[in-house]
Amino acid sequence: MATLDELEELAKKYAKLKQQGNANESDRVELARLAIRIIDSISSASFFLPLEKDALSSEGATTYIYQNTATYPAIFDLIAEVLHITVPIEIGRVKFGPGEILVTAQDKSEADRELELSTKEMQKLVYAKRAEILTKHGDPAP
């Protein structure tokens, strides 16, 4: 399973290739290959968001930031594209963004539960779009 940093690099390649337009057969196959690899990694049971241990809770919201203050704009753009929504990706009481995650919850333990549930829901939603991506770009299988 790829780390979020590795997935970000794959998502950047996907965005660059997609932006070039006029996709020929090999480009479509590569787009599908990249998208499916990302979707499969995100959908994996071992997927996790690399968050700092400390989160900031105030006024009914908890903010989580990624380790080393990393940002992941390409991966969240791709997830938003796959789910036909915009960034930040809002699932339940959680807003997943490229630089932070905001959870509307009274305390950190409740926020942790909400984050876990919404992350699993996002994984399911992304996986459910796998076939659509294959159809869109063409099946990369030999």
Side-chain angles (χ1 to χ4, degrees), residues 1-23 26-142:
M1 206 258 342
T3 66
L4 204 56
D5 290 316
E6 293 166 337
L7 294 178
E8 177 69 8
E9 290 307 311
L10 292 175
K12 285 178 184 176
K13 288 180 188 176
Y14 175 89
K16 185 177 180 181
L17 186 59
K18 187 175 178 206
Q19 188 177 26
Q20 291 174 358
N22 298 335
S26 70
D27 287 347
R28 286 194 308 276
V29 168
E30 181 64 6
L31 281 167
R33 187 189 71 76
L34 289 167
I36 294 304
R37 182 160 175 217
I38 293 166
I39 287 169
D40 287 349
S41 289
I42 290 170
S43 303
S44 161
S46 59
F47 175 77
F48 69 96
L49 296 165
L51 301 172
E52 291 289 350
K53 290 189 189 309
D54 295 327
L56 176 64
S57 293
S58 73
E59 299 182 23
T62 301
T63 303
Y64 298 85
I65 59 169
Y66 301 104
Q67 290 177 349
N68 304 316
T69 61
T71 60
Y72 303 98
I75 192 68
F76 284 98
D77 284 346
L78 180 97
I79 292 170
E81 175 188 326
V82 167
L83 297 179
H84 306 288
I85 58 177
T86 59
V87 175
I89 297 164
E90 194 167 346
I91 298 175
R93 296 188 295 165
V94 179
K95 291 182 182 178
F96 295 91
E100 65 185 9
I101 299 172
L102 300 173
V103 181
T104 304
Q106 292 303 315
D107 60 43
K108 184 162 182 323
S109 63
E110 182 184 354
D112 289 346
R113 283 191 303 277
E114 283 295 321
L115 178 58
E116 183 179 349
L117 291 171
S118 292
T119 300
K120 287 180 179 178
E121 183 65 19
M122 180 176 64
Q123 289 178 287
K124 290 177 192 173
L125 292 169
V126 167
Y127 188 76
K129 296 292 186 174
R130 190 177 192 277
E132 183 180 312
I133 292 297
L134 285 173
T135 302
K136 179 178 176 180
H137 296 300
D139 192 336

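Note that the numbering runs from 1 along the sequence shown for the chain. These figures come from a predicted structure and were not determined experimentally.
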Spacing of [X] atom [atom1] and [Y] atom [atom2] [to the nearest 0.5 Å]:
| X | Y | atom1 | atom2 | answer |
| --- | --- | --- | --- | --- |
| Leu31 | Leu17 | CG | CG | 4.0 Å |
| Lys120 | Ser43 | NZ | OG | 13.5 Å |
| Leu51 | Thr119 | CG | OG1 | 8.0 Å |
| Ser118 | Ile101 | OG | CD1 | 10.0 Å |
| Glu9 | Thr3 | CD | OG1 | 9.5 Å |
| Thr104 | Glu59 | OG1 | CD | 12.0 Å |

Check: residues 75-85 side-chain donor-acceptor pairs under 3.5 Å, at least two apart:
from, atom 1, to, atom 2, distance (Å)
Glu81, OE1, Lys18, NZ, 3.1
Glu81, OE2, Tyr14, OH, 2.8
Glu81, OE2, Lys18, NZ, 3.0
Glu81, OE2, Lys136, NZ, 3.0
His84, NE2, Glu132, OE2, 2.5

For [X], does the [atom1] atom sit with more than 12 other heavy atoms under 6.0 Å from it, leaving out its own atoms?
| X | atom1 | answer |
| --- | --- | --- |
| Arg93 | CZ | yes |
| Lys95 | NZ | no |
| Asp54 | CG | no |

Residues Arg33 and Glu30 bridged, charged N to O under 4.0 Å: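 Yes, charged N to carboxylate O under 4.0 Å.
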Test item: Val126 and Phe47 side chains (from C-beta on) under 4.5 Å apart, heavy atoms: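 A side-chain contact under 4.5 Å is absent here.
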Close side-chain approach of Pro88 to Leu102, heavy-atom, < 4.5 Å: no
Ring pair (Phe, Tyr, Trp, His ring centres under 6.0 Å) partner of Tyr66, chosen from Phe48, Phe96, Tyr72: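 Passing option: Tyr72.
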Hey, is the main chain of [Y] close enough, under 3.5 Å, to the side chain of [X] for a donor-acceptor pair?
| X | Y | value |
| --- | --- | --- |
| Gln123 | Ser44 | yes |
| Glu8 | Ala74 | yes |
| Asn68 | Ala70 | no |
| Glu100 | Ile65 | no |

Asp112: partners by salt bridge (Lys or Arg N to Asp or Glu O under 4.0 Å), with sequence neighbours left out: Lys108
Tyr127 and Asp40: CA distance, side-chain angles, deciding distance, side chain to side chain contact (heavy atoms under 4.5 Å, CB included) verdict: CA-CA 7 Å; Tyr127 188 76; Asp40 287 349; 4.3 Å; yes
Partners passing side chain to side chain donor-acceptor pair (under 3.5 Å) against Ser57 (at least two apart in sequence or in another chain): Thr62
Steps toward side chain to side chain contact (heavy atoms under 4.5 Å, CB included) verdict (Ile39, Ile42): CA-CA 5 Å; Ile39 287 169; Ile42 290 170; 5.9 Å; no
